[in-house]
Novice: 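Dropping the structure in here first, questions after.
In this text the structure is predicted, and so the values were computed from the model without any measurement. Throughout, protein chains are lettered first and strands after them, A, B, ... in sequence-line order, and every chain is numbered starting at 1.
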Protein chains: 2
Amino acid sequence: MLSHKAKYALKALLYLAQQEETHISRTIEIADAASIPKKFLEQILLDLKRGHFVGSKQGKFGGYYLLKSKNDITLADIHRLFDGAIALLPCASLNFYERCSDCVDESECLLRHGLITIREETLKAMQGITIASLVKK
Amino acid sequence: MLSHKAKYALKALLYLAQQEETHISRTIEIADAASIPKKFLEQILLDLKRGHFVGSKQGKFGGYYLLKSKNDITLADIHRLFDGAIALLPCASLNFYERCSDCVDESECLLRHGLITIREETLKAMQGITIASLVKK
DNA sequence: ATTAATTCTATAAAACTAGTAGAGTTTAAA
DNA sequence: TTTAAACTCTACTAGTTTTATAGAATTAAT
């Protein structure tokens, strides 16, 4: 399941993607339009900025705008940024790999093989969903 | 990501699936073989019993055994029993449907459509992984 | 009776989540 | 140069969930 943070991030990105290219959106504007607590959204937008998905302009008349193309922001990207690994266990993860403490021999683990298959399929599906594809629907 | 409970449940089921059909496994035996805290495993096995995946025999020489065929226990089943919805948001879930409190018009939600697609693909993949398929690898 | 097992309920510590608070910084414009 | 409006940053908190642990009750075989 997605955290609220990830869900709010996606809603915010969808909002930004629907504005004109040159438009700069204030936090409060996004928060109101997408029903997101403003102070919470502030943190989320900063995370999205640190992830180089959005850019910001500070000061009066400042705000946020899409930095990456909406075709290049995938569900997988946002999941990883806010909720971490796509895989069901760290030992089956590409970007968040970690060994299981209770694992004797990883290469012999029956579970891991299946979970890697799942990760491959889920990742492919999640990379197929972009902000652009969501807006078009 | 899977909870430890779900992971332990899968490891326990894999252990049971590798025993002879008539064999009854004690909790401590499974716990030792699969490196699972015994008292924690007790709860998990009870959950699996209530979910009709395993059966039990009480008293001396009692223990647990597979109730369902290992071909009929899927990763999706275990995920749902211990970790709930397969979908990334409750509004995109089949078995754990719930409306988003911040949603104005669900049929208009851009996010939901994409998440339903993901759920369909993930579910199909997870239903393809059975205890039997994991043991065979 | 005794032993060995499951079953049940309660508890507790740690981690995580969701959200809030408030001070600081930056920028545009009057 | 002052003011207003915005982003930026750090800390905090309340609540929930997770991961167990403890111990008593029940069941069944010998």
Side-chain angles (χ1 to χ4, degrees), chain A residues 1-12 16 23-32 34-65 67 79 81-85 88-90 96 98 100-102, chain B residues 1-12 16 23-32 34-65 67 79 81-85 88-90 96 98 100-102:
Chain A
M1 294 275 282
L2 290 182
S3 65
H4 281 209
K5 258 192 177 177
K7 175 174 113 176
Y8 291 157
L10 288 165
K11 287 176 75 172
L16 292 179
H23 183 66
I24 286 188
S25 305
R26 286 171 303 144
T27 304
I28 188 66
E29 171 191 338
I30 306 171
D32 285 348
S35 306
I36 304 170
K38 193 215 166 198
K39 291 295 280 179
F40 200 19
L41 180 58
E42 281 181 9
Q43 290 180 12
I44 293 164
L45 287 168
L46 277 176
D47 287 338
L48 285 171
K49 190 192 172 188
R50 295 190 186 111
H52 307 106
F53 295 101
V54 303
S56 73
K57 185 171 177 303
Q58 285 197 28
K60 202 173 181 181
F61 303 117
Y64 291 92
Y65 51 90
L67 197 59
H79 190 286
L81 184 60
F82 292 96
D83 295 347
L88 289 174
L89 285 183
F96 297 84
E98 220 170 305
C100 286
S101 61
D102 57 323
Chain B
M1 295 275 286
L2 290 182
S3 65
H4 281 208
K5 257 194 177 176
K7 175 174 113 175
Y8 291 157
L10 288 165
K11 286 175 76 171
L16 292 179
H23 183 67
I24 286 188
S25 305
R26 288 170 303 143
T27 303
I28 187 67
E29 171 189 339
I30 307 172
D32 286 348
S35 305
I36 303 169
K38 193 215 167 198
K39 291 295 282 181
F40 199 19
L41 180 58
E42 282 180 10
Q43 291 179 12
I44 292 165
L45 288 168
L46 278 175
D47 287 337
L48 284 171
K49 190 191 173 189
R50 295 190 186 110
H52 306 107
F53 294 101
V54 303
S56 73
K57 185 170 179 302
Q58 284 197 26
K60 201 171 183 182
F61 302 118
Y64 291 92
Y65 50 90
L67 197 59
H79 190 286
L81 183 61
F82 292 96
D83 296 346
L88 289 174
L89 286 183
F96 296 84
E98 219 170 305
C100 287
S101 61
D102 57 325

Novice: Looking at A:Lys60, I'd like to know whether one of its side-chain N or O atoms comes within less than 4.0 Å of OP1 or OP2 on D:dC7.
Specialist: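 No, no such contact exists.
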
Novice: Give a yes/no answer on whether the side chain of A:Ser3 brings an N or O atom under 4.0 Å of OP1 or OP2 in C:dT17.
Specialist: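 Checking A:Ser3 against C:dT17: no side-chain N or O falls below 4.0 Å of OP1 or OP2.
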
Novice: Closest to the B:Gln43 side chain: C:dA18, C:dA10, D:dT19?
Specialist: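 Of the options given, the side chain of B:Gln43 lies nearest C:dA10.
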
Novice: State which of D:dA5, C:dT3, C:dG19 makes the closest approach to the side chain of A:His4.
Specialist: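 Shortest atom-to-atom distance from the side chain points to C:dG19.
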
Novice: Please state how far atom CZ in A:Arg50 lies from atom C1' in D:dT8, giving the value in whole angstrom units.
Specialist: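 Taking atom C1' of D:dT8 as the reference, CZ of A:Arg50 is at 8 Å.
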
Novice: Where the side chain of B:Leu46 is defined as all heavy atoms beyond and including C-beta, which of D:dT19, C:dT7, C:dA28 is the nearest nucleotide?
Specialist: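 The closest nucleotide is C:dT7.
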
Novice: Check the distance between D:dA4's C1' and A:Phe61's CZ and give it to me in whole angstrom.
Specialist: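 It is 9 Å, rounded to the nearest whole Å.
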
Novice: At their closest point, which heavy atom of B:Ile24 faces which heavy atom of B:Phe61, and how far apart are they?
Specialist: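 Here B:Ile24 and B:Phe61 meet closest at CG2-O, 4.3 Å.
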
Novice: Please determine whether a side-chain nitrogen or oxygen atom of A:Tyr65 lies at a distance below 4.0 Å from atom OP1 or OP2 of D:dC7.
Specialist: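 The answer is no; no side-chain N or O of A:Tyr65 sits under 4.0 Å from OP1 or OP2.
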
Novice: To the side chain of B:Gln58, which of C:dT7, C:dA5, C:dT26 is closest?
Specialist: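 Of the candidates, C:dT7 comes closest.
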
Novice: What's the closest nucleotide to the A:Arg26 side chain, out of C:dT7, C:dT6, D:dA6?
Specialist: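 Within the option list, the nearest is D:dA6.
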
Novice: Rounding to a whole Å, what distance do you find between B:Leu48:CG and C:dT7:C1'?
Specialist: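 Checked: the CG to C1' distance equals 15 Å.
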
Novice: Which nucleotide in the list D:dA28, C:dA29, D:dC7 gets nearest to the side chain of A:Ser56?
Specialist: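 The answer is D:dC7.
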
Novice: Within this structure, what is the NZ-CD1 distance for the pair B:Lys5 and B:Ile36, rounded to the nearest 0.5 Å?
Specialist: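 Interatomic distance, B:Lys5 NZ to B:Ile36 CD1, rounded to 0.5 Å: 12.5 Å.
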
Novice: How do A:Tyr8 and B:Glu42 order along DNA chain C: which one's closest nucleotide is nearer the 5' end?
Specialist: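 Mapping each residue to its closest nucleotide by heavy atoms, the 5'-most match is B:Glu42.
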
Novice: Distance check needed: C:dA5 P versus B:Leu41 CG, whole Å only.
Specialist: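 Computing the B:Leu41:CG to C:dA5:P distance gives 14 Å.
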
Novice: Provide, to the nearest angstrom, the distance between the CG atom belonging to A:Leu2 and the P atom belonging to C:dA18.
Specialist: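 Taking atom P of C:dA18 as the reference, CG of A:Leu2 is at 10 Å.
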
Novice: Can you tell me the distance, in whole Å, between the CD atom of A:Glu29 and the P atom of D:dA6?
Specialist: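 It is 10 Å, rounded to the nearest whole Å.
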
Novice: Which atom names give the shortest non-hydrogen contact between B:Met1 and A:Ala85, and what distance separates them?
Specialist: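 Taking B:Met1 first and A:Ala85 second, the nearest heavy atoms are SD-CB, 3.9 Å.
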
Novice: Answer with base, sugar-phosphate or nothing: what part of the nucleic acid does B:Gly62 contact at a heavy-atom distance below 4.0 Å?
Specialist: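 Sugar-phosphate contact only.
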
Novice: When you get a sec, tell me which of D:dC7, C:dT7, C:dA18 is the closest nucleotide to the side chain of B:Lys39?
Specialist: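 Comparing D:dC7, C:dT7, C:dA18 against the side chain of B:Lys39, the answer is C:dT7.
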
Novice: Could you tell me which non-hydrogen atom of A:Lys60 sits nearest to which non-hydrogen atom of A:Lys57, and how far apart they are?
Specialist: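 For A:Lys60 and A:Lys57, the tightest heavy-atom pair comes out as O-NZ, 4.2 Å.
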
Novice: I need the minimum non-hydrogen distance between B:Leu16 and B:Tyr65, along with the two atoms involved.
Specialist: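 For B:Leu16 versus B:Tyr65, the nearest heavy atoms are CD1-C, 4.2 Å.
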
Novice: If I take atom CE in residue B:Met1 and atom C1' in nucleotide C:dA15, what distance separates them, rounded to the nearest angstrom?
Specialist: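 B:Met1 atom CE is separated from C:dA15 atom C1' by 14 Å.
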
Novice: Can you figure out which of D:dT21, C:dG19, C:dA29 approaches the side chain of A:Phe40 most closely?
Specialist: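 That would be C:dG19.
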
Novice: Tell me: CD1 of A:Ile24 to C1' of C:dA28, nearest whole Å?
Specialist: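 Between C1' of C:dA28 and CD1 of A:Ile24: 12 Å.
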
Novice: Among C:dA28, C:dT7, D:dC7, find the nucleotide with the atom closest to the side chain of B:Lys49.
Specialist: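 Within the option list, the nearest is C:dT7.
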
Novice: Can you name the nearest heavy-atom pair linking A:Thr27 to A:Leu41, along with the distance?
Specialist: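 Looking at all heavy atoms of both residues, the closest pair is O-CD2, 3.6 Å.
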
